[in-house]
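Working notes, structure below.
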Amino acid sequence: MSKKIYETDAQTMADLTAGKETVWKNPRYVPFDLVRGLCDLVVSEADIADAEARLARFAPFLERAFPETQANHGLIESPLAELEKMQPALEKAYGGKIPGRLLLKKDSHLDIAGSVKARGGIYEVLKHAEDLALAAGKITVTDDYAAFADEDMQKFLGGYTVQVGSTGNLGLSIGIMSAALGFRVIVHMSADAKQWKKDLLRSKGVEVIEYADDYSRAVEEGRKRSEADPTSYFVDDEKSVTLFLGYAVAAKRLDAQLKEKGIAVDEAHPLIVYVPAGVGGAPGGVCYGLKRLYGDNVHCFFVEPTQCPSVLLGMATQKFEQANVRDYGLSGKTEADGLACASPSSFVTRIMTNLVSGECTVSDAKLYDFLRLLVETEGERIEPSSCAAFQGPVSLCQAEGSVVYCQEQGLTPDRLNNATQIVWATGGRLVPEEIWDVYLNTHLDA
């Protein structure tokens, strides 16, 4: 096989480094059956099932500690909403057809943390708490896990610290859940983090350490401080398989929601999913779970800001975590605080190299335009970072990279008309009202 097959075309790289919107078609994408065995060695079906079982064990605790979860019996899950008005509005605003059915996966409204990080972040904290309690003989896997809300258990866990580096939403999920379990919590926040997220964490008793530098520095310092403390556990968004598993659980839950709506996913009815990417953990885990479930009938695209496409560059150059957007003349600065990661996850860029269909990049100006259009047409509010995902369906039938991808994968007009396209909203429920006013009235030059 010639090396040329694996090269990203020069025009795409030129557009990327110039900060222009583009669609990157992944040249290393292969049929899932060719890599399933290798994937099993890293994250297997049994691993995902184990994560599902652990979340079920913790449901009684979640119901007790967070009453908002009682309606779903301790299950943290988000609605899947139709975008019947937004779909034609996008077509009119951006001049292209969006085939099939357009849906919004509202991880923006997940209980407790109000973002997709409620999946991976909360799961990793719960697993750590369980590991400590099991090792100390405080609980067995057949006990009622509501005991994690008891004073004795909280006092025990209070002897341990959880730390994380974050641009915002991961810090919220780790901080809120760790504090609810009794842990001491330290969140290392990058300069990109919004003030309201820092304030919310501090209101929960979380120690927030602020940095004038970017996400990578916050992670580096957090990891260093945690390693110096034998009672501390560091949630490593750049490398964590546990986080990844928490996100991967989303696939089977989505499958149940699609079936409830009578939506088939098969060769004649493809599923196309767009997920915003920061360091890559959440989109990687979500898409991995979907590929295991649907194989080649699902097509996953990540979406990143034009000035910070670190996951794209990590995979396209095969430099993985060594790729830094600043090395390619990009600023790394973006209004999408949750996506402001100059270097990507080492783990995700490797495991997704053959699985992700491609990536779209989007300008910051469009984030607010998409946000306003969603509010006007559907009355839904999601963070600017979440709105990046709308670039996917807008680009699918217009951008050269995605058009060629569809041709190569046999996504004919008929199959696309039968497709289900899902925009994955990654955050928004916890945004204060006064911040919404700022978002809705922010207009940037394209």
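If you read the sequence from its start, that first residue is 1, and numbering goes on from there. Keep in mind it's a predicted model, so treat the numbers as computed, not measured.
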Less than 4.0 Å between a side-chain N and a carboxylate O, is that true for Asp40 and Arg292? yes

4.5 Å side-chain heavy-atom contact, Val298 and Phe32: no

Looking only at side-chain N and O atoms, does Asp9 offer a donor or acceptor that is under 3.5 Å from a partner on Thr12?
yes

Next on the checklist: Side chains of Glu238 and Ser345 only: does a donor on one sit below 3.5 Å from an acceptor on the other?
Outcome noted: no

Review point. Looking just at side-chain N and O atoms, do Glu21 and Ser363 make a donor-acceptor pair shorter than 3.5 Å?
Key: yes

Residue pairs passing the salt bridge (charged side-chain N to carboxylate O under 4.0 Å, His left out) test with at least one member in residues 387-396, sequence neighbours excluded, are none

Pair His188-Tyr211, side-chain donor/acceptor within less than 3.5 Å:
yes

Over 60° means perpendicular and under 30° means parallel, so classify the ring planes of Phe244 and Tyr288, tilted if in between. tilted

Is the closest side-chain heavy-atom distance between Leu243 and Tyr123 below 4.5 Å?
-> no

message = Assess, by modelled atom type and distance only, whether the side chains of Glu359 and Asn26 contain a donor and an acceptor separated by less than 3.5 Å.
response = no

message: Using a strict threshold of under 4.0 Å (side-chain N to carboxylate O), is an ion pair present between Glu400 and Lys25?
response: no

task = Find out whether Val125 and Leu181 are in side-chain contact, i.e. whether some heavy atom of one side chain is under 4.5 Å from a heavy atom of the other.
result = yes

- [ ] Answer yes or no: does atom NZ of Lys194 have more than 12 heavy-atom neighbours from other residues, nucleotides or ligands under 6.0 Å?
- [x] yes

Would you check if Val273 and Leu271 make a side-chain contact, meaning some heavy-atom pair closer than 4.5 Å?
yes

Worksheet entry | Ion pair check, Glu221 and Lys224, cut-off under 4.0 Å | yes

- Query: Between Ser386 and Thr426, do the side chains contain an N or O donor and an N or O acceptor separated by less than 3.5 Å?
  - Reply: yes

- prompt: Would Asp47 and Ser44 count as having a side-chain donor-acceptor pair, cut-off 3.5 Å?
  reply: yes

Next item on the list: Could you tell me how the ring of Tyr405 sits relative to the ring of Tyr29: parallel (under 30°), tilted (30 to 60°) or perpendicular (over 60°)?
Entry: perpendicular

Do Arg415 and Glu267 sit within salt-bridge range, that is, some charged N less than 4.0 Å from a carboxylate O?
-> no

Quiz prompt | Val275 vs Cys300 side-chain heavy atoms within contact, under 4.5 Å | solution = no

Query raised in the report: Should the pair Arg225-Glu220 be classified as a salt bridge under the 4.0 Å nitrogen-to-oxygen rule?
Result: no

So the salt bridge (charged side-chain N to carboxylate O under 4.0 Å, His left out) pairs with at least one residue in residues 101-111 (sequence neighbours excluded) are Glu77-Lys105, Glu82-Arg101, Lys106-Glu380, Asp107-Arg119

**OP:** Identify whether the distance between the nearest side-chain nitrogen and carboxylate oxygen of Lys117 and Glu124 falls below 4.0 Å.
**Re:** no

Sorted by chain and residue number, the ring pair (Phe, Tyr, Trp, His ring centres under 6.0 Å) partners of Tyr294 (sequence neighbours excluded) come out as none

*Please check if any side-chain donor atom of Ser331 sits under 3.5 Å from a side-chain acceptor atom of Gln307, or the reverse.*
yes

Check: Ser346 side chain, Lys239 main-chain N or O, donor-acceptor pair, under 3.5 Å
no

Exercise. Does any donor atom in the side chain of Gln398 or Tyr94 lie under 3.5 Å from an acceptor atom in the other side chain?
Worked result: no

TODO: Would you kindly say whether Asp337 and Thr167 are connected by a side-chain donor-acceptor distance under 3.5 Å?
DONE: no

- Message: What I want to find out is whether Asp33 reaches Arg36 closely enough, with some N-O distance under 4.0 Å, to be called a salt bridge.
- Response: yes

Q.
Within the 4.5 Å heavy-atom criterion, are Thr420 and Ile272 side-chain neighbours or not?
A. no

Original post:
For Ala342, does its backbone N or O pair with a side-chain atom of Arg326 as donor and acceptor, under 3.5 Å?
Top reply: no

Check: Thinking salt bridges, do Glu376 and Lys85 make one under a 4.0 Å N-O criterion?
Finding: no

Original post:
When you measure from the side chain of Ser178 to the backbone N and O of Gly175, does any donor-acceptor pair fall under 3.5 Å?
Top reply: no

Note: Glu45-Lys252 ion pair, threshold 4.0 Å (strictly below):
yes

